[in-house]
Amino acid sequence: MSDVTFAISHQVPLPATTLADHSFTPVAPTPNTHRRQADDDAAQGIDPDTRLVEKYEDALKAELDVLNAAQSPGSDKPSFSQPTSALEAGTPVDRPRPYDTEKFFVPSNTIFAFDLHHVIMDFSVKEMLQRLWGHQHKMKTLRLLLQPGFVADLAAFSKGNILPEKFILDISEKYGPTAHISVGELVRDVANCQTPNQEILEVIMDLKQKGFKIYLFSNIGENLLLHLRGKLPTDVFQHFDGFLTARAADDFAVKPSTRAFDNFWKTFVPHRDSQVIFVDDKQANIDAGVKSGMYGIRYTSPKQLQQELRKLHILE
């Protein structure tokens, strides 16, 4: 993985040129200076590799400043993002090497993390209305509404601050099996009124054919995901390499919380030896992903995503 992480979003795409086209060489210290600095670092308990990375990042930042300064205010060329510390991002310390965009994102060092809702799947209003109309437990639901506290719980859920899966678990524990059957199943069915985005699935298949590993990183609950996969005519996730969803075991940690992104790294890239290109439709999630060390692409449409991947020399 690169020593320096660049934050990439739809607002700051990488240009077709590469840093390899603008070579730079940090000024090497004299042997005596090097020895004195090494002695000082040892006395202060500073690891030599840490010092090496700091020097490399300083040199790279200076190069980026030169490139950015060369762009006129009216230029339509995007500027480079400033690097995030490799140490803060938790990346392994390695020897500096040139940064080449055309060779940077390859299957051997990069994986993809895709959001689910509004990216891979789109909400179906038509299916939702059908589910509500055809609900088989209307009378049980009406009786449940008369129980003290249930309307307040339902109102809190309707604000959108509670995950459907957590709400189902909570009302099942609080109001018993009837709540799970009458309301829990309805909430599950409505939440999963989703239809696959075929254009995005084609992009994912292109990435798989190139050798990239694909992961789902979603706030959907793990049980709701199982239900969703079971209701679809074909399993659109059969080619995915892994799933990270909201789980009771993690106290339902969700994006954009730091804990959710830490869970992803620990689960799929524990040694930080691969880069993660994170595709999500919410800017808050993208910002949190970039902060954690990922490369963020805010999704707006299949065409826009393909354009971004071409800029990174991943798709032709």
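All values below were derived from every heavy atom in this structure, side-chain atoms included, with hydrogens, water molecules and symmetry-related copies excluded. Note that the numbering runs from 1 along the sequence shown for the chain.
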Would you say Asn109's side chain and Phe104's backbone share a donor-acceptor pair under 3.5 angstrom?
-> yes
Is a side-chain N or O of Arg247 found less than 3.5 angstrom from the main chain of Phe252, in a donor-acceptor match?
-> no
Do you reckon Met205 sits in the same ILVMFWY cluster as Phe212, going by side-chain contacts under 4.5 Å, direct or chained?
-> no
Derivation and outcome, side chain to side chain contact (heavy atoms under 4.5 Å, CB included), residues Ile286 and Ile297 | CA-CA 7 Å; Ile286 291 296; Ile297 299 177; 5.5 Å; no
How many angstroms lie between CG in Asn192 and CG in Leu228, if you round to the nearest 0.5 Å?
-> 4.5 Å
Minimal non-hydrogen separation, Arg298 against Gln304, with atom names = O-NE2, 2.8 Å
Measure the spacing between CD of Gln306 and CD1 of Ile314 and express it to the nearest 0.5 Å.
-> 12.5 Å
Parallel, tilted or perpendicular: which describes the rings of Phe240 and Phe243, with under 30° parallel and over 60° perpendicular?
-> parallel
Between Tyr295 and Phe105, does the ring centre distance come in under 6.0 Å?
-> yes
Considering non-hydrogen atoms only, spot the tightest contact between Leu163 and Ala246 and give its length.
-> CD1-CB, 3.4 Å
Verify same cluster id: Leu226, Leu232 (apolar side-chain graph, 4.5 Å) | no
Do you see a donor-acceptor pair shorter than 3.5 Å between the side chains of Thr245 and Glu222?
-> no
Taking it one step at a time, do Leu216 and Leu225 satisfy side chain to side chain contact (heavy atoms under 4.5 Å, CB included)?
-> CA-CA 11 Å; Leu216 182 72; Leu225 177 61; 3.9 Å; yes
Test ring pair (Phe, Tyr, Trp, His ring centres under 6.0 Å) on Phe264 and Phe278 and set out the steps.
-> CA-CA 11 Å; Phe264 186 93; Phe278 173 47; 7.9 Å; no
Should we say atom CD of Gln136 is surrounded by more than 12 heavy atoms from elsewhere, each under 6.0 Å from it?
-> no
Could you tell me the separation between the CD1 atom of Ile214 and the NE2 atom of His239, rounded to the nearest 0.5 Å?
-> 11.0 Å
Salt bridge between Glu185 and Lys140, side-chain N to carboxylate O under 4.0 Å?
-> no
Could you tell me whether the side chain of Leu116 reaches within less than 4.5 Å of the side chain of Gln194, counting heavy atoms only?
-> no
Give the minimum heavy-atom separation between Arg272 and Ser292, together with the two atoms involved.
-> NH1-O, 3.1 Å
Hey, could you give me the CG/CZ distance between Asn263 and Phe261, rounded to the nearest 0.5 Å?
-> 11.0 Å
Is there a donor-acceptor contact under 3.5 Å from the side chain of Arg188 to the main chain of Asn223?
-> no
Grab the two heavy atoms, one from Pro164 and one from Leu224, that are nearest each other, plus how far apart they are.
-> CB-CD2, 3.9 Å
Greater than 12 external heavy atoms within 6.0 Å of Lys213's NZ | no
Charged N-O contact under 4.0 Å between Asp115 and Lys255 = yes
Measure across Asp122 and Asn197 and return the closest heavy-atom pair with its distance rounded to 0.1 Å.
-> OD2-ND2, 3.6 Å
Under a 4.5 Å side-chain heavy-atom rule over Ile, Leu, Val, Met, Phe, Trp and Tyr, are Val125 and Leu186 clustered together?
-> yes
CD1 of Ile277 to CZ of Phe114, rounded to nearest 0.5 Å, is 9.0 Å
Apply side chain to side chain contact (heavy atoms under 4.5 Å, CB included) to Phe112 and Ile204, showing your working.
-> CA-CA 9 Å; Phe112 278 84; Ile204 289 174; over 6 Å; no
For the residue pair Tyr215 and Phe268, does the interplanar ring angle fall in the parallel (under 30°), tilted (30 to 60°) or perpendicular (over 60°) class?
-> tilted
Where is the tightest heavy-atom contact between Lys210 and Pro107, given as atom of each residue plus distance?
-> O-CG, 3.1 Å
Would you call Asp170-Lys166 a salt bridge at under 4.0 Å N-O?
-> yes
CD1 on Ile200 to CG on Leu305, rounded to 0.5 Å = 5.0 Å
